[in-house]
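Written below as structure tokens is the structure these notes are about.
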Amino acid sequence: MKLNRHAKILELIKVYPITTQEELLEKLREEGYSVTQSTVSRDINTLRLQKTHHIDGKQRYTAPVGIQPDIKNGFNGILSGSIISLEVAMNLVVVKTFSGMASAACAAIDSMSLQNVVGSLAGDDTIFIACKDEAAAFSLKEAFKDYIV
């Protein structure tokens with residue numbers, strides 16, 4: 001559960017300009033996580049989140065460049081425990097996951113900073129990964145096939 005929450009936190013701080021622990025706590029609760037402020041505080045420390053200045057002059061939480069090894073291993077565990085199938089459709093890789101796992105798996109994939117991936121989108125049990133071209137999509141499918149349950 002903690003690894004899923006950590007993946008969700010990394011996803012949330014990429015999507016939203018979260019400036020306080022309270023905002024992060026509220027977003028997690030909106031996503032269905034029952035957490036306390038002290039848990040969020042520990043997660044911020046574990047993930048080594050930092051407040052950085054942005055163009056609008058406000059500070060917001062950001063993740064350090066690169067992922068710490070223990071989190072990276074956790075993301076590999078999320079991927080290997082959630083992917084059911086992979087299909088290529090032109091430059092898209094369609095990833096089917098167990099119900100409710102797509103968001104965490106997508107956050108793990110996003111954190112990998114894959115070279116030929118231009119973006120991703122997760123639903124409940126499906127992830128669409130847009131690659132630069134069809135060859136990159138087939139290459140990504142091949143790289144991820146070891147994660148299929």
Side-chain angles (χ1 to χ4, degrees), residues 1-19 21 23-52 60-149:
M1 188 64 166
K2 180 171 31 171
L3 290 175
N4 289 344
R5 189 177 65 248
H6 285 179
K8 178 55 73 177
I9 288 169
L10 292 173
E11 177 186 335
L12 289 171
I13 65 170
K14 279 186 178 182
V15 174
Y16 300 103
I18 297 175
T19 60
Q21 289 184 11
E23 287 178 37
L24 182 55
L25 177 68
E26 184 60 34
K27 289 291 183 191
L28 285 168
R29 287 182 177 162
E30 288 173 11
E31 294 289 330
Y33 291 88
S34 178
V35 293
T36 64
Q37 188 276 331
S38 60
T39 299
V40 170
S41 180
R42 282 192 299 273
D43 288 344
I44 288 170
N45 287 329
T46 300
L47 294 169
R48 297 186 180 150
L49 300 183
Q50 307 164 20
K51 282 194 175 182
T52 57
R60 64 185 271 190
Y61 282 110
T62 57
V65 177
I67 299 172
Q68 292 74 35
D70 58 330
I71 295 170
K72 191 169 189 175
N73 289 335
F75 286 160
N76 286 333
I78 289 170
L79 293 176
S80 64
S82 62
I83 296 177
I84 297 170
S85 67
L86 301 159
E87 293 294 330
V88 172
M90 306 273 299
N91 69 317
L92 295 175
V93 178
V94 180
V95 182
K96 296 297 283 182
T97 70
F98 290 107
S99 183
M101 292 299 298
S103 182
C106 191
I109 291 166
D110 287 345
S111 73
M112 294 175 163
S113 301
L114 300 167
Q115 183 177 2
N116 289 315
V117 171
V118 294
S120 62
L121 179 67
D124 181 60
D125 65 354
T126 305
I127 303 168
F128 291 106
I129 304 170
C131 298
K132 288 185 178 179
D133 54 37
E134 193 171 355
F138 278 104
S139 177
L140 183 65
K141 178 185 176 187
E142 186 65 26
F144 278 16
K145 75 179 188 179
D146 290 338
Y147 291 120
I148 296 175
V149 176

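Basis for what follows: all heavy atoms, side chains included, without hydrogens, waters or symmetry-related copies.
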Please tabulate, one pair per line, all N/O donor-acceptor pairs under 3.5 Å involving side-chain atoms of residues 133-142, not counting sequence neighbours.
| from | atom 1 | to | atom 2 | distance (Å) |
| --- | --- | --- | --- | --- |
| Asp133 | OD1 | Ala135 | N | 3.3 |
| Asp133 | OD1 | Ala136 | N | 2.8 |
| Glu142 | OE2 | Lys145 | NZ | 2.8 |

How long is the span from the CG atom in Leu114 to the CG atom in Asn116, to the nearest 0.5 Å? 8.5 Å
If you round to the nearest 0.5 Å, how far is NZ of Lys8 from SG of Cys106? 9.0 Å
Can you tell me how far the OG1 atom of Thr126 sits from the NZ atom of Lys96, to the nearest 0.5 Å? 3.0 Å
Lys14 bridged to Asp110 by N-O distance under 4.0 Å: no
Distance check, rounded to the nearest 0.5 Å: Asp124 atom CG versus Ser99 atom OG? 4.0 Å
Start with the C-alpha distance between Glu26 and Arg29, add both sets of side-chain angles, then the distance that settles salt bridge (charged side-chain N to carboxylate O under 4.0 Å, His left out), and finish with yes or no. CA-CA 5 Å; Glu26 184 60 34; Arg29 287 182 177 162; 5.1 Å; no
Return yes when atom CD of Gln115 has more than 12 non-hydrogen atoms of other residues, nucleotides or ligands closer than 6.0 Å, and no otherwise. no
Verify the distance criterion only: is there a donor paired with an acceptor across the side chains of Thr97 and Asp125 at less than 3.5 Å? no
If you apply the rule side-chain hydrogen bond (donor to acceptor under 3.5 Å, both in side chains), what do you find for Gln37 with Ser41, and how did you get there? CA-CA 6 Å; Gln37 188 276 331; Ser41 180; 4.7 Å; no
Distance (rounded to the nearest 0.5 Å) between Ile127 CD1 and Ser103 OG: 8.5 Å
Among Val40, Leu10, Leu28, find the residue that satisfies the side chain to side chain contact (heavy atoms under 4.5 Å, CB included) test when tested with Arg5. Leu28
Positive for side chain to side chain contact (heavy atoms under 4.5 Å, CB included) with Leu24, one of Thr19, Ile9, Asp43: Ile9
Within 45° cone of Tyr16 ring axis and under 6.0 Å: Lys27 NZ or CZ: yes
